[in-house]
**Student:** 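Have a look at this one before I ask anything.
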Amino acid sequence: STTLEQAIEGNTYKKDAWTNTPPSILAKLPRRLHQQENHPISILRNLIETHFKDFQAISPASAIVTTHMNFDELGFPADHPGRSLTDSYYLNQTHMLRTHTSAHEVETFRAGHDKWLLSADVYRRDEIDASHYPVFHQMEGARVWTQDQLQDLKSLNAKMAEELAACPLVIEDISISSESNPYQPEHNPELAKEIAQNLKHSLNSMIFRLFGQLKAKSTDEEPLRVRWIEAFFPFTTPSYEVEVFWNGEWLEILGCGVVMQKTLKNAGVPQKLGWAFGLGLERIAMILFSIPDIRLFWSEDARFLRQFKEGRITTFKPYSKYPPCYKDLSFWLPQEKNPKEARGAKAAGGGMTAGTLTFHENDFCEIVRDVAGDLIESVTLIDDFTNKKTGRQSKCYRLNYRSMDRSLLNEEVNALQGEVIQRLVEELHIEPR
Ligand code: PHE
């Protein structure tokens with residue numbers, strides 16, 4: 001890698017105004033947790049693949065995709081917030097780390113697959129806490145039919161509905177296909193309805209398979225509750241989000257819908273129609289295996305790894321809880337940006353990248369992660385005010401450090417905090433108070 005280009009997985013990528021992926025993130029590409037035998041992410045992937053018996057299991061080779069695959073061909077509008085430099089990792093203007101497994105829908109349909117599951121690592125710039133990590137894993141699933149194959153769908157759905165009715169499962173469906181969540185004009189509404197039904201039955205039965213046994217083992221007698229909500233994605237309609245009621249709260253676990261006919265046309269299979277879903281493996285694995293912090297998935301400590309076996313859902317036993325150590329950081333935001341610099345930022349995709357003078361929390365968190373790696377547990381805003389006279393804005397963040405595997409020394413944490421501050425001053429132009 002030079003200052004002008006970077007070599008990743010044997011390819012070179014020219015750097016430009018969009019380049020915002022630090023080496024600490026690129027270092028995650030070879031880990032492939034979803035393919036590591038006996039790792040909880042892999043165990044969960046396998047359980048879902050076993051449930052969807054005759055679906056083809058796929059894993060794409062590289063996390064690097066074109067912005068065309070990740071956004072354009074799926075119908076994301078030019079001003080979609082997901083495209084911004086504060087939310088996604090770019091290698092340059094044309095290449096990025098995929099933010100979702102949907103980036104592979106078109107190529108997978110083009111390859112002729114009709115029933116498939118695709119698992120992969122995905123990358124998003126985000127906040128720092130026990131359930132957010134810049135790399136996580138998704139599984140995309142889809143099923144499509146040709147018109148004549150759809151003849152049997154009604155009876156298949158009836159059979160599935162009957163099987164589900166026999167399960168201790170409460171399904172709350174608050175997704176009505178209304179004006180806000182319409183069928184596609186090119187679809188016969190009767191058929192689209194059967195496809196949506198099949199999607200619902202398929203996912204309800206998968207969710208029951210994963211959570212049902214755990215629920216049965218637990219002390220509370222209530223049946224498992226699943227909730228279907230209307231959603232919006234540029235590449236499906238109607239679209240839904242599915243939530244599971246767990247430990248007293250509704251947890252969103254997946255997004256799905258009837259595949260936009262445009263996607264199938266793009267893939268060269270305009271005669272097919274069907275559904276797709278995308279689920280977050282960490283979210284579900286944290287519940288099923290009782291894993292309290294998302295960083296644990298990245299641990300190479302045998303005390304973590306040896307607790308899991310392929311094919312089984314076991315409860316994680318924390319081996320030790322090491323003490324946390326927090327440091328507060330108060331600072332002034334950079335002063336008014338000069339108009340020239342602000343225009344440059346806009347050209348690079350809506351601004352707000354590290355290096356320009358507009359502050360964004362994801363840029364802040366990126367630097368903290370880059371310095372502290374997995375030793376940072378959470379970053380929380382604890383104060384935010386604007387000086388009435390000068391108009392200057394001040395923020396205070398609490399940085400909570402803790403290792404999953406050992407005790408941290410106070411000097412060690414001070415050194416990390418010092419380096420964080422130095423980088424924030426240099427790159428985000430904040431002014432410590
Ligand atoms: N890709 C979507 C996400 O990451 C999930 C999704 C997949 C929605 C497939 C609909 C169909 O949020």
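Ligands are counted one by one from 1 in listed order, and the atoms in each one are counted from 1 as well. Predicted model, so just to flag it, every value in this text is computed and none were measured. If you read the sequence from its start, that first residue is 1, and numbering goes on from there.
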**Student:** Report yes if the distance between the aromatic ring centroids of H80 and F235 is under 6.0 Å, otherwise no.
**Tutor:**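 For H80 and F235, the ring centres are not under 6.0 Å apart.
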**Student:** Can you find an N or O of E105 that's nearer than 3.5 Å to an N or O of ligand 1?
**Tutor:**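 Min N/O separation from ligand 1 is not below 3.5 Å for E105.
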**Student:** Under 4.0 Å from any heavy atom of G278, which atoms of ligand 1 are there?
**Tutor:**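 Ligand 1 atoms under the 4.0 Å threshold to G278: 6 (C), 7 (C), 9 (C).
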**Student:** Could you tell me whether a side-chain N or O of S88 sits under 3.5 Å from a main-chain N or O of L85, the two making a donor and an acceptor?
**Tutor:** no
**Student:** Which bit of R124 gets closer than 4.0 Å to ligand 1, counting heavy atoms only: side chain, backbone, both or neither?
**Tutor:** side chain
**Student:** For atom 12 (O) of ligand 1, grab the closest protein heavy atom and report residue, atom and distance to one decimal in Å.
**Tutor:**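 So the nearest neighbour among protein heavy atoms is F233 CE2, 3.9 Å.
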**Student:** Determine the sole option in E194, E162, K193 for which the side chain to side chain donor-acceptor pair (under 3.5 Å) test with N157 is passed.
**Tutor:**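 Running side chain to side chain donor-acceptor pair (under 3.5 Å) over E194, E162, K193 with N157 returns exactly one hit, E194.
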**Student:** Which is closest to atom 10 (C) of ligand 1 by heavy-atom distance: S239, C256, A103, G82?
**Tutor:**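 Result: the heavy atom closest to atom 10 (C) of ligand 1 is in C256.
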**Student:** When you measure from the heavy atoms of F235 to every atom of ligand 1, does any distance fall below 4.0 Å?
**Tutor:**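 It does; at least one heavy atom falls under 4.0 Å.
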**Student:** Got the closest protein heavy atom to atom 6 (C) of ligand 1, with its distance?
**Tutor:**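 Sorting protein heavy atoms by distance from atom 6 (C) of ligand 1 puts G255 O, 3.6 Å first.
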**Student:** Please confirm whether E140 comes within less than 3.5 Å of ligand 1 when only nitrogen or oxygen atoms on both sides are compared.
**Tutor:**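 No.
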**Student:** With a 6.0 Å cut-off on ring centres, are F277 and Y240 close enough?
**Tutor:**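 So the answer is no for these two rings.
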**Student:** Evaluate H100 for polar contact with ligand 1, using N/O atom pairs at a separation under 3.5 Å.
**Tutor:** yes
**Student:** Check this for me: does any side-chain nitrogen of one of E172 and R227 sit under 4.0 Å from a carboxylate oxygen of the other?
**Tutor:** no
**Student:** I'd like to know if the side chain of E361 pairs up with that of Y397 as donor and acceptor (distance under 3.5 Å, no hydrogens or angles considered).
**Tutor:** yes
**Student:** Restricting to non-hydrogen atoms, name the atom on R312 and the atom on F289 that form the minimum distance, rounded to 0.1 Å.
**Tutor:**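 In this case the closest contact between R312 and F289 is O-CE2, 3.6 Å.
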**Student:** For ligand 1, does S102 get within less than 4.0 Å through its side chain, its backbone, both, or neither, judged by non-hydrogen atoms?
**Tutor:**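 The side chain, only.
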**Student:** Side chain, backbone, both or neither: which part of F277 comes within less than 4.0 Å of ligand 1 when only heavy atoms are counted?
**Tutor:** backbone
